[in-house]
Amino acid sequence: MEIKGKVYRVGENINTDVIMPGRWCHLTDDAELAKHCMEDLDADFAKKISTGDIIVADDNFGCGSSREVAPLSMKAVGIDAVVAKSFARIFYRNSINIGLPIFESPECVDVTEAGDELEIDMFGGKIINHTKGKEFTFAPFPPFMKTIIEKGGLKGLVLEKLGE
Amino acid sequence: MGYTIAEKILAEHAGCEVTPGQIVNVPVDMAMANELSAALAIKELNNWGIDKLADPNKVCLIPDHFQPAKDINAAGIAKVVRDFARKHDVKYYLEVGRAGIEHAVIPLEGIVLPGQIMVGGDSHTCTAGAINSFATGVGSTDIAGAWATGEVWLKVPQSARLTYTGKLRPHVYGKDLILHTLKDLGTAGATYMAIEYQGDVFEQLPMSDRFTMANMAIEAGAKAGLFQFDDKTRELVESTPRYKSDKPDYTIASPDADAVYAMERTYDVSDLEPQVACPFSPDNVKNLSALHNVKIDQVVIGACTNGWIEDLQRAADIFNGRTAHPDVRVIILPGSQMIARQACDLGLPQIFIDAGCVFSTSTCGPCIGGHMGVLGEKEVCVSTTNRNFAGRMGHLSSEVYLTNPAVAAASAVLGRIGSPDEL
Ligand code: SF4
């Protein structure tokens with residue numbers, strides 16, 4: 001599976017309060033969530049993002065509240081993947097569970113700037129920054145997580161278990 | 001090789017040997033959600049076409065974030081959750097007026113027990129680690145999966161052992177210990193880890209301080225914040241309504257002498273003074289004495305971090321015979337209805353009201369910038385809650401300082417951040 005897109009660059013410790021502020025946490029509708037994604041970081045975020053864009057962040061992306069509306073809103077606004085130096089753990093599992101691909105590659109983050117073109121080979125463990133002409137590797141997903149990702153999220157696993 | 005507390009509970013549930021990093025599927029003893037995470041989980045279940053829960057006796061639903069309903073949207077969400085609870089005969093649906101904030105309600109009602117695994121659709125689910133339960137925050141999809149299958153996947157965490165020694169100075173509590181720890185570790189210092197708190201300091205402190213510290217384990221990125229079981233734990237667990245009525249069996253998870261810890265820290269806290277987390281991160285911690293003339297507009301005392309009965313008592317001891325500064329609004333948020341009732345028995349609401357404070361119903365409201373005390377532009381708040389990210393309690397330009405309840409009460413009287421010693 002391959003993902004290709006333009007980079008929107010953010011810094012470190014981007015918490016889920018900023019990704020989806022408390023005042024919007026009652027929303028469950030994708031289109032509504034998309035409108036408010038990251039608005040406390042960048043009021044025009046939703047307008048700037050084009051479908052297929054990739055967020056690139058420094059350490060501890062998604063820390064704080066467990067609110068799943070955070071990764072859901074990112075998916076809803078059209079983000080196809082997140083590459084970070086590291087992720088907070090609840091955000092990590094939420095993303096895997098809802099089928100938002102995320103990758104840890106500090107080396108890639110270090111050289112990548114806003115607007116760069118990235119290509120990610122999900123199961124090949126490779127990220128190419130076409131703008132910078134550089135290639136990076138990341139640790140492959142553990143087999144269990146790979147299964148969840150291949151099934152498009154936790155749903156597939158749950159339905160399989162119930163069907164047993 | 002021996003097990004840490006987390007490894008012991010996970011191995012027991014998985015029915016096999018475990019090592020950190022391994023992913024295990026484990027049965028959950030309780031899968032809990034508030035109205036926000038529950039509404040999304042219910043939506044997921046509907047999308048998946050699932051109409052049956054694995055075990056409604058292991059489901060807990062507590063509407064607390066925007067409840068009592070702050071507006072029509074919040075009422076609608078609460079209704080979705082209430083209808084779901086009725087339809088599926090969920091054992092632990094706790095209605096407004098009979099509950100409070102989930103993390104205070106759950107251990108005090110006995111909804112989770114020592115040695116058990118609880119997942120919760122809220123990051124501060126780790127609070128129940130104070131009673132030796134492996135409790136961890138997950139997302140709504142995880143909760144939907146746990147409700148449907150009775151299981152959840154968990155990566156066995158590495159463990160960190162944090163030891164606190166010494167004799168505490170006056171007005172220094174669990175909140176100060178955890179803020180001091182956050183200053184040392186940072187907000188990602190224990191990411192993916194299970195923290196074990198231990199040390200002789202806890203002999204000087206009641207259970208409420210353990211809850212405060214377990215609650216804020218997530219602020220260091222941890223998966224759980226665990227305490228060993230002792231007489232104080234037993235007393236609390238065996239006095240809960242559920243324990244008294246059902247007399248359930250429970251197991252105790254003690255760490256083995258040869259358990260392996262990925263990180264160890266020892267804090268001698270004899271000289272520690274009250275700590276303050278400054279805007280905009282819980283790890284931006286300074287000594288109270290380093291803050292001069294920070295004028296404040298609002299004080300919030302309580303919520304799931306410091307809304308335990310001892311916390312309210314500590315604040316009331318400061319307010320007793322004093323009044324809040326004319327420029328400061330004070331909101332007292334008991335952790336739960338049960339705690340509010342205990343406060344009444346102790347005569348605390350009278351003290352708060354005489355001091356000019358709002359004695360609020362138990363709700364998350366102000367803590368999440370939802371209702372009942374939202375901050376306006378550039379307003380400054382001292383709060384005993386756990387997060388002070390930009391915009392957390394209201395306007396993006398508002399500022400939140402996190403302290404213990406005694407310092408918050410003293411600051412309310414002074415009109416600026418200050419110490420009980422100045423009164
Ligand atoms: S009081 Fe605050 S931190 Fe606690 S559960 Fe409610 S919103 Fe979360």
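All heavy atoms count here, side chains included; hydrogens, waters and symmetry mates do not. A, B, ... follow the sequence lines: proteins, then strands. Residue 1 opens every chain. Bear in mind that the values here come from a model prediction, so they are computed numbers and not experimental data.
- Of the two parts of S281(B), neither the backbone nor the side chain holds a non-hydrogen atom closer than 4.5 Å to a non-hydrogen atom of chain A.
- Of the N and O atoms on the side chains of W24(A) and D40(A), not one donor lies less than 3.5 Å from an acceptor on the other residue.
- T181(B) and D184(B) are not linked by any side-chain donor-acceptor pair at a separation below 3.5 angstrom, with hydrogens and angles left out of the test.
- Heavy-atom pairs under 4.5 Å with chain A peak, among S140(B), A222(B), G370(B), A188(B), at S140(B).
- Counting heavy-atom pairs closer than 4.5 Å to chain A, the top-ranked of the candidates S123(B), P282(B), A144(B), A54(B) is S123(B).
- With hydrogens and angles left out, the side-chain atoms of E379(B) and H395(B) include no donor and acceptor closer than 3.5 Å.
- Heavy atoms of V80(B) lying under 4.5 Å from chain A are absent altogether.
- No side-chain donor-acceptor contact under 3.5 Å links Q67(B) and H371(B).
- No other option in V374(B), T187(B), T125(B), N386(B) has as many heavy-atom pairs under 4.5 Å with chain A as T187(B).
- When each of T191(B), T149(B), N47(B) is checked for heavy-atom pairs under 4.5 Å with chain A, T149(B) comes out on top.
- Here the rule is salt bridge (Lys or Arg N to Asp or Glu O under 4.0 Å) with D110(A), and of K134(A), K132(A), K85(A) only K85(A) fits it.
- Taking I77(B), V138(B), I218(B), N25(B) one by one and counting their heavy-atom pairs under 4.5 Å with chain A, the maximum is reached by V138(B).
- Counting heavy-atom pairs under 4.5 Å between each of G137(B), G145(B), G49(B) and chain A puts G137(B) at the top.
- Between K183(B) and L179(B), the closest side-chain pair of non-hydrogen atoms is not below 4.5 Å.
- Heavy atoms closer than 4.5 Å to chain B are found nowhere in F91(A), neither backbone nor side chain.
- Contact annotation for K223(B): both backbone and side-chain heavy atoms come within less than 4.5 Å of a heavy atom of chain A.
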